[in-house]
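This report concerns only the one structure given below.
All heavy atoms count here, side chains included; hydrogens, waters and symmetry mates do not. Nothing here was measured: the structure is a model prediction, and the numbers come from that model.
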Amino acid sequence: MSSASTPRLRAIQRHLGSREGRGMEPVRSPLTTHVLDTASGLPAQGLCLCLSRLEDHGQQWTELRRSYTDPDGRCPGLLLPGQMKAGTYKLTFDTESYWKKRGQDSFYPYVEVVFTITNETHKFHVPLLLSPWSYTTYRGS
């Protein structure tokens, strides 16, 4: 392999979640998200998000994880295998801070995506397409 192709190979491995050279297999989370900044056409790197689950018969949200999107706009390990159970979940994206870091005003200070998981053996992917004035989400694959 030429030294010129090495940085590209590393970028591709990072994008695909490769653990080559680390002596371990990647742990596949049953719940993932990916945020794309549609205003720039790039992944939304460094966006803070919080995963919560509705508890106490629909009365209280419990924070399960707080994290940031990686250079590819992904937050792959929201839950470890075995942590997911049937119920109502919420992903809260701190869009105001994300846009402020970029010197951009925005309309939505945060985005909350609430969804229900009925089968904890399935995998769930929640993409977010984001601009300062709009957002779109869907159940991905």
* Structure fact -> Rounding to 0.5 Å, atoms SG (C48) and CZ (F93) come to a distance of 10.5 Å

* 4.5 Å side-chain heavy-atom contact, L91 and F115 -> yes

* Among T32, I117, L78, which residue meets the side chain to side chain contact (heavy atoms under 4.5 Å, CB included) test with F124? -> I117

* Indicate yes or no: at least one non-hydrogen side-chain atom of Y138 is less than 4.5 angstrom from one of V126. => no

* Asked: Nearest heavy-atom pair of A39 and D37: which atoms, and what distance?
  -> N-OD1, 3.0 Å

* Structure fact -> When rounded to the nearest 0.5 Å, the distance separating OG of S106 from CG of L130 is 8.0 Å

* To do: Is it possible for you to say whether V111 and Y98 belong to one hydrophobic cluster, with membership spreading through side-chain heavy-atom contacts below 4.5 Å?
  => yes

* Student check: side-chain heavy atoms of L129 and T137 closer than 4.5 Å -> no

* Would a distance-only check, ignoring hydrogens and angles, find a side-chain to backbone donor-acceptor pair under 3.5 Å from D72 to R74? -> no

* Under a 4.5 Å cut-off applied to non-hydrogen side-chain atoms, are L128 and L36 in contact? -> no

* With the side chain counted from C-beta on, respond yes when L49 and T92 share a heavy-atom pair under 4.5 Å apart, and no when they do not. => no

* Minimum-distance pair of heavy atoms, taken over all atoms of S67 and C75 -> OG-SG, 3.4 Å

* To do: Check whether V113 and L64 end up in the same hydrophobic cluster, where Ile, Leu, Val, Met, Phe, Trp and Tyr are linked by side-chain heavy atoms less than 4.5 Å apart.
  => yes

* **Hphob cluster co-occupancy, L42 + W133, side-chain heavy atoms under 4.5 angstrom** => no

* When you check the gap from the basic side-chain N to the acidic O, do E63 and R65 get nearer than 4.0 Å? -> no

* Asked: Rounded to the nearest 0.5 Å, how far apart are CG of L79 and NZ of K123?
  -> 11.0 Å

* Asked: If you round to the nearest 0.5 Å, how far is NZ of K100 from OG1 of T95?
  -> 10.5 Å

* **4.5 Å side-chain heavy-atom contact, Y89 and M84** => yes

* **Heavy-atom closest contact (R66 atom, C50 atom, distance)** => NH2-SG, 4.0 Å

* More than 12 foreign heavy atoms under 6.0 Å from NZ of K101: is that the case here? -> yes

* Asked: Under 4.0 Å between a Lys/Arg side-chain N and an Asp/Glu carboxylate O for K85 and E120?
  -> no

* Asked: Just wondering, more than 12 heavy atoms not from D105 lying within 6.0 Å of its CG?
  -> no

* **Hydrophobic cluster identity match, Y68 and L47, side-chain contacts under 4.5 Å** => no

* Hey, do the aromatic rings of Y135 and Y108 have their centres closer than 6.0 Å? -> yes

* Considering non-hydrogen atoms only, spot the tightest contact between P71 and P43 and give its length. => O-CB, 3.7 Å

* Taking the side chain as every heavy atom from C-beta outward, state whether H34 and H125 have any pair of such atoms under 4.5 Å apart. => yes

* Asked: Taking the side chain from S131 and the backbone from S134, do they hold a donor-acceptor pair closer than 3.5 Å?
  -> yes

* Structure fact -> In terms of heavy-atom contacts, W99 and P132 come closest through CZ2-N, 3.4 Å

